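Predicted, not measured: the structure shown is a model, and the values here were computed from it. Indexing begins at 1, ligand by ligand and atom by atom, following the structure's order. As a basis for the values below, the full set of heavy atoms in this structure was taken, side chains included, without hydrogen atoms, waters or symmetry mates.
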Amino acid sequence: MHTDHFDPRRQLRAAGLRVTAPRVAVLDVVVAQPHSDADRVTAAVRERLGSVSTQAVYDVLRACVGAGLLRRIEPAGSAARYETRTGDNHHHLVCRSCGTVVDVDCVVGSAPCLEPSDAHGFAIDEAEVVFWGLCPDCSPSARGGVE
Ligand SMILES: [Zn+2]
Ligand SMILES: [Zn+2]
């Protein structure tokens, strides 16, 4: 899963954040398990560091999102998910049944990759699309899907 050479310590320093064990652990966890929600991140961080308060993990997540190290996505009806793949404005497929989230590349490297028919004067920097459906594991038959 380590395809993007994400180095938490270097990323934290580059973002002007102090390098702390909880911050490194949170980033490591999200690199290894993209689209984890805060509960899953907290559980995995505890496996590494022992006792870490839920609040501490939330604080780290918020600081990292604010610094642009993490992207927060929030599929409707689902807990917020976090990922280290920021800035490319990719989109997501979400399984209605099991909640699996999968990345969908759009126009990688430029954002937004969708243009509204009328921007109403907004300076738009992001377009977020969530495709809902059933993942292969949850779909009784693959027929009828988009090819
Ligand atoms: Zn599924
Ligand atoms: Zn993603």
Side-chain angles (χ1 to χ4, degrees), residues 1-17 19-49 52 54-117 119 122-147:
M1 296 295 287
H2 290 259
T3 54
D4 56 357
H5 309 293
F6 187 95
D7 177 349
R9 287 175 181 79
R10 203 177 57 215
Q11 296 283 335
L12 285 165
R13 276 189 224 105
L17 292 177
V19 176
T20 66
R23 284 175 178 165
V24 171
V26 165
L27 290 172
D28 270 339
V29 165
V30 178
V31 168
Q33 302 172 38
H35 311 122
S36 291
D37 63 20
D39 286 348
R40 211 161 113 191
V41 172
T42 302
V45 167
R46 283 193 181 131
E47 276 175 25
R48 288 161 186 248
L49 299 182
V52 175
T54 304
Q55 188 58 48
V57 172
Y58 274 86
D59 288 346
V60 170
L61 289 169
R62 194 170 47 238
C64 290
V65 169
L69 297 179
L70 292 179
R71 178 176 171 193
R72 182 180 195 272
I73 60 164
E74 204 163 357
S78 159
R81 313 294 190 93
Y82 297 88
E83 64 185 339
T84 53
R85 194 178 156 184
T86 60
D88 67 359
N89 198 209
H90 67 275
H91 303 307
H92 293 98
L93 285 159
V94 182
C95 177
R96 287 187 196 282
S97 176
C98 68
T100 290
V101 178
V102 178
D103 287 340
V104 180
D105 289 340
C106 196
V107 180
V108 176
S110 81
C113 60
L114 292 175
E115 290 184 20
S117 56
F122 281 52
I124 296 170
D125 58 34
E126 183 174 346
E128 187 172 332
V129 176
V130 176
F131 300 93
W132 293 90
L134 292 175
C135 73
D137 288 345
C138 295
S139 180
S141 122
R143 292 174 53 80
V146 176
E147 297 296 326

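Inclusion of H91 in the first shell of the Zn ion (ligand 2) is not supported: no N, O or S atom falls under 2.8 Å.
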Output a table of donor-acceptor pairs, distance under 3.5 Å, between side-chain atoms of residues 54-63 and any protein atom two or more places apart or on a different chain; print 'none' if there are none.
residue, atom, partner, partner atom, Å
T54, OG1, R46, NH2, 3.2
Q55, NE2, D59, OD1, 3.0
D59, OD1, R62, NH2, 2.9

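Residues satisfying the side chain to side chain contact (heavy atoms under 4.5 Å, CB included) test with A76, not counting sequence neighbours, are W132.
Between the side chain of S36 and the backbone N or O of Q33, at least one donor-acceptor pair lies under 3.5 Å.
In this structure, F131 and V94 have side chains that are not in contact, with every pair of non-hydrogen atoms separated by 4.5 Å or more. Looking at R72 and L70, their side chains never come closer than 4.5 Å, going by heavy atoms from C-beta outward.
With salt bridges taken as basic N to acidic carboxylate O contacts below 4.0 Å, none links E83 and R81. Salt bridge status for R9 with D28: absent, with no side-chain N to carboxylate O gap under 4.0 Å.
Among heteroatoms of the N, O or S kind in D103, OD1 lies nearest the Zn ion (ligand 2). Within H92, the N, O or S atom lying nearest to the Zn ion (ligand 2) carries the name NE2. Atom OE1 is the N/O/S atom of E83 found closest to the Zn ion (ligand 2).
Distances from the Zn ion (ligand 1) under 2.8 Å pick out these protein N/O/S atoms: C95 SG, C98 SG, C135 SG, C138 SG.
Counting only residues at least two apart or in different chains, ring pair (Phe, Tyr, Trp, His ring centres under 6.0 Å) contacts with residues 25-48 comprise H35-H92.
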